[in-house]
Amino acid sequence: MAENTEKKNVKSTGRITGAQKAAILILSLPEDEAANVLKKMKEHEIEKLVKSMFSLGPVSKELVKLILEEAYGKLTQLAPLKVAPDNLKKLLEKALPPEKYRELL
């Protein structure tokens, strides 16, 4: 019953700032993946994100779900993904054993 009440209270993510949504998305990732995202960010972006993380307080599973759904919806509206060959090579090199990597390329 408490879950139903929570669903009724959290109908949208409108009260959450973009930085807070980003913070929730980052916190939803596995630790290693979150760290990789942070490594690619500029220092001032990380500072803003960390401030948002501390401003969040408790975040319900329903709110996390809504934010993930919103992000997914926005991602599906983007133009088709274009993969840069150099980035793809780096990704495959990290993910595959050397012999499989050479075989694919």
Side-chain angles (χ1 to χ4, degrees):
M1 182 148 183
E3 190 172 318
N4 272 347
T5 305
E6 185 175 290
K7 285 182 183 178
K8 289 178 186 173
N9 291 338
V10 182
K11 295 178 183 168
S12 74
T13 60
R15 289 182 163 195
I16 310 265
T17 67
Q20 288 173 320
K21 289 176 186 179
I24 291 169
L25 287 172
I26 298 288
L27 291 169
S28 299
L29 294 172
E31 189 175 301
D32 288 345
E33 297 302 321
N36 285 333
V37 172
L38 292 174
K39 285 178 187 176
K40 299 195 183 315
M41 295 174 68
K42 296 177 180 156
E43 189 174 329
H44 73 275
E45 294 170 328
I46 295 171
E47 287 175 13
K48 185 173 183 177
L49 189 64
V50 170
K51 286 179 185 176
S52 295
M53 288 174 176
F54 283 118
S55 74
L56 286 173
V59 179
S60 70
K61 288 181 183 180
E62 183 61 27
L63 182 57
V64 172
K65 181 180 175 187
L66 285 171
I67 290 170
L68 290 170
E69 287 171 351
E70 181 181 314
Y72 177 76
K74 288 182 180 185
L75 288 171
T76 59
Q77 294 173 2
L78 296 175
L81 181 65
K82 294 182 182 177
V83 179
D86 289 340
N87 291 346
L88 182 56
K89 285 180 183 179
K90 287 178 188 175
L91 174 66
L92 292 174
E93 191 173 29
K94 288 180 180 180
L96 300 173
E99 63 278 354
K100 187 67 176 175
Y101 170 76
R102 285 189 296 274
E103 179 184 320
L104 283 173
L105 296 180

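Along the sequence shown, residues are numbered consecutively beginning with 1.
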- Query: Sequence neighbours excluded, which residues qualify as side chain to side chain contact (heavy atoms under 4.5 Å, CB included) partners of Lys51?
  - Reply: none
- Message: Using the side chain to side chain contact (heavy atoms under 4.5 Å, CB included) definition, which of the options Leu27, Leu25, Val59 pairs with Val64?
- Response: Val59
- Just wondering, do Lys39 and Asn36 contact through their side chains at under 4.5 Å, heavy atoms? yes
- Query: How far does CG of Leu66 sit from NZ of Lys61, to the nearest 0.5 angstrom?
  - Reply: 14.5 Å
- Query: In the single-linkage hydrophobic clustering (I, L, V, M, F, W, Y; side-chain heavy atoms under 4.5 Å), do Ile16 and Tyr72 co-cluster?
  - Reply: no
- Item | Nearest-0.5 Å distance that lies between atom CD1 in Ile24 and atom CG in Leu63 | 4.5 Å
- Item | Ion pair Glu103/Lys100, N-O distance below 4.0 Å | yes
- Task: Over all heavy atoms of both residues, which pair between Ala34 and Ile26 is shortest? Give the atoms and the distance, please.
- Result: CB-O, 3.6 Å
- Any donor-acceptor pair under 3.5 Å from Glu45 side chain to Lys42 backbone: yes
- Query: How close do Ile46 and Leu38 get, heavy atom to heavy atom, and via which atoms?
  - Reply: CD1-O, 3.3 Å
- Query: Between Leu49 and Ala19, what is the shortest heavy-atom contact and its length?
  - Reply: CD1-O, 3.9 Å
- Scanning both residues in full, the closest heavy-atom pair of Gln20 with Arg15 reads OE1-O, 4.4 Å
- Message: To check you understand the geometry: which heavy-atom pair defines the closest contact between Gly73 and Thr76, and what is its length?
- Response: O-OG1, 2.8 Å
- Please say whether more than 12 non-hydrogen atoms of neighbouring residues, nucleotides or ligands are located less than 6.0 Å from CD in Glu99. yes
- Taking only residues two or more places apart in sequence, or in another chain, which ones meet Lys89 in a salt bridge (charged side-chain N to carboxylate O under 4.0 Å, His left out)? none
